[in-house]
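In what follows, a single structure is set out as structure tokens and then discussed.
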Protein chains: 2
Amino acid sequence: MNLAKQHILEAAARLFERQGYHATGLNEIIRESNTPKGSLYYYFPEGKEQIGAETALWAGEQISKRIREGLSQAEQPAQAVRMLTLRIANAVEQSNFSAGGPLMMLAAETATRSERINAACRKAYRQMQDALAERLGDDNLAGFVLTTLEGAILLSRVQHSGDALRHAAEYLYTYIKARER
Amino acid sequence: MNLAKQHILEAAARLFERQGYHATGLNEIIRESNTPKGSLYYYFPEGKEQIGAETALWAGEQISKRIREGLSQAEQPAQAVRMLTLRIANAVEQSNFSAGGPLMMLAAETATRSERINAACRKAYRQMQDALAERLGDDNLAGFVLTTLEGAILLSRVQHSGDALRHAAEYLYTYIKARER
DNA sequence: GTCTATATGCAGATAGAC
DNA sequence: GTCTATCTGCATATAGAC
């Protein structure tokens with residue numbers, strides 16, 4: 001993929017993550033990406049919706065990678081999920097509660113308003129769930145962990161505190177641990 | 001509270017729930033509320049942000065009531081939470097995945113962009129958590145249930161399927177049940 | 001209390017020069 | 001590939017009549 005295009009995508013991902021899809025203007029994306037203004041419609045001829053969809057796909061791959069990395073750093077699945085969740089808590093706090101995955105905003109705002117972006121978000125979430133399931137050996141459980149992570153990220157952002165994520169880390173740990181036997 | 005004002009608030013809540021805060025225009029709220037156009041700035045002189053904040057507070061009270069009602073319909077807390085979650089799953093499906101609480105969108109979109117709306121959302125979430133804690137007898141556990149519900153609503157909406165909520169219902173049931181002993 | 005008219009600005013998008 | 005200029009439309013908000 002072209003470098004300028006990649007810059008636009010990454011800037012869009014950051015902005016969607018911080019403030020959402022509808023609150024982000026194309027001018028803002030251009031500015032934030034340090035990309036020549038004339039490039040946007042050259043690389044994304046179908047406009048904002050295309051940017052949204054490609055951002056979701058790209059984000060899904062990035063996050064899945066990080067999930068795999070994070071989960072590989074502990075012996076037992078329960079402990080791995082706990083550590084991953086605590087890492088997210090730190091990341092969210094250090095970003096002043098603007099981090100937490102570009103997907104959540106994009107997915108929530110377009111669930112019933114853009115079929116194209118929605119399809120991309122579903123695919124991205126599926127990838128994330130697969131990454132979790134690889135380690136947990138249970139797709140349903142992976143779905144529940146994903147659910148919990150998204151909910152906890154949302155509440156942590158709203159409450160301007162990583163506590164929701166830290167609590168989630170402990171509950172998930174206890175739950176998965178109990179299952180291991 | 002004045003009736004016209006109440007109509008505006010309820011229309012705003014529905015629209016924010018379906019499509020989000022930034023995607024909803026004031027004209028749309030007027031149209032959907034069947035309220036005279038000149039009334040909006042009469043009742044909400046501080047504009048859209050005031051509407052957002054008051055909507056969040058109102059929604060928080062409504063949802064807390066429904067949580068209390070829902071949780072009172074079973075003998076044991078574990079079963080009560082399960083039934084509440086399944087009820088939400090049905091509601092979300094029957095709304096074509098546009099329902100799921102006016103708060104989520106509002107809260108996510110404004111977490112770092114409007115202190116006023118953010119404060120209102122926090123208060124609303126606190127009320128909801130209190131309503132859960134009353135029945136569960138454990139504020140941390142109530143927070144975890146809230147986290148799970150919000151995450152599951154998000155994923156159900158994105159995936160256009162109530163499965164995430166139904167799975168969450170079973171996991172929460174198992175978890176709370178195990179604690180009862 | 002509610003109306004119409006309007007101010008002002010930015011949104012997404014397009015055309016055509018270079 | 002990138003530029004500038006511009007179109008169209010809607011956004012929030014305000015003023016002043018009734």
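Proteins come first, then strands; the chains are lettered A, B, ... in the order of their sequence lines, and each starts at number 1. Everything quoted here is computed from the prediction, not taken from an experiment.
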- [ ] Would you kindly say whether A:Glu10 and A:Gln6 are connected by a side-chain donor-acceptor distance under 3.5 Å?
- [x] yes
Open item on the list: Is it the case that the side chains of A:Glu75 and A:Gln79 hold a donor-acceptor pair, with the cut-off being a distance below 3.5 Å and no angle test?
Closed with: no
Task: Residue pair B:Gln76, B:Ile176: steps toward the side chain to side chain contact (heavy atoms under 4.5 Å, CB included) verdict - done: CA-CA 10 Å; B:Gln76 300 300 321; B:Ile176 300 170; over 6 Å; no
Open item on the list: I need the minimum non-hydrogen distance between B:Arg87 and B:Gly70, along with the two atoms involved.
Closed with: NE-CA, 4.4 Å
Task: Which atom of A:Gly20 lies closest to which atom of A:Met105, heavy atoms considered - done: CA-CB, 3.9 Å
Task: Under the ring-ring contact (aromatic ring centres under 6.0 Å, His included) test, residues paired with B:Phe97 that sit two or more places apart - done: B:His160
Open item on the list: What is the first contacted nucleotide of DNA chain C and what is the last, in 5' to 3' order, if contact means an atom lying under 4.0 angstrom from a heavy atom of chain A?
Closed with: C:dA11 to C:dT14
Task: Lys/Arg N to Asp/Glu carboxylate O, B:Asp139 vs B:Arg126, below 4.0 Å - done: yes
Open item on the list: Do the side chains of A:Lys177 and A:Glu170 get close enough for a salt bridge, i.e. N-O under 4.0 angstrom?
Closed with: no
Task: Interface residues of residues 39-52 of chain B with DNA chain C (non-hydrogen, below 4.0 angstrom) - done: B:Ser39, B:Tyr42, B:Tyr43
- [ ] Determine which pairs satisfy salt bridge (charged side-chain N to carboxylate O under 4.0 Å, His left out) with at least one residue from residues 20-49 of chain A, sequence neighbours left out, and list them in order.
- [x] A:Arg14-A:Glu32, A:Arg18-A:Glu32, A:Glu46-A:Arg116
Open item on the list: Tell me whether the rings of B:Tyr175 and A:Tyr171 are parallel (<30°), tilted (30 to 60°) or perpendicular (>60°).
Closed with: perpendicular
Open item on the list: When the axes are fitted on five pairs at both termini, how much does the helix from C:dG1-D:dC18 to C:dC18-D:dG1 curve, in 10° steps?
Closed with: 0°
Task: Test side chain to side chain contact (heavy atoms under 4.5 Å, CB included) applied to B:Phe144 and B:Leu172, step by step - done: CA-CA 9 Å; B:Phe144 181 66; B:Leu172 287 175; 4.1 Å; yes
TODO: Determine yes or no for a side-chain-to-main-chain donor-acceptor pair under 3.5 angstrom, with B:Ser39 supplying the side chain and B:Tyr42 the backbone.
DONE: no
Task: DNA chain D contacts among residues 20-36 of chain A, heavy-atom distance under 4.0 Å - done: A:Pro36
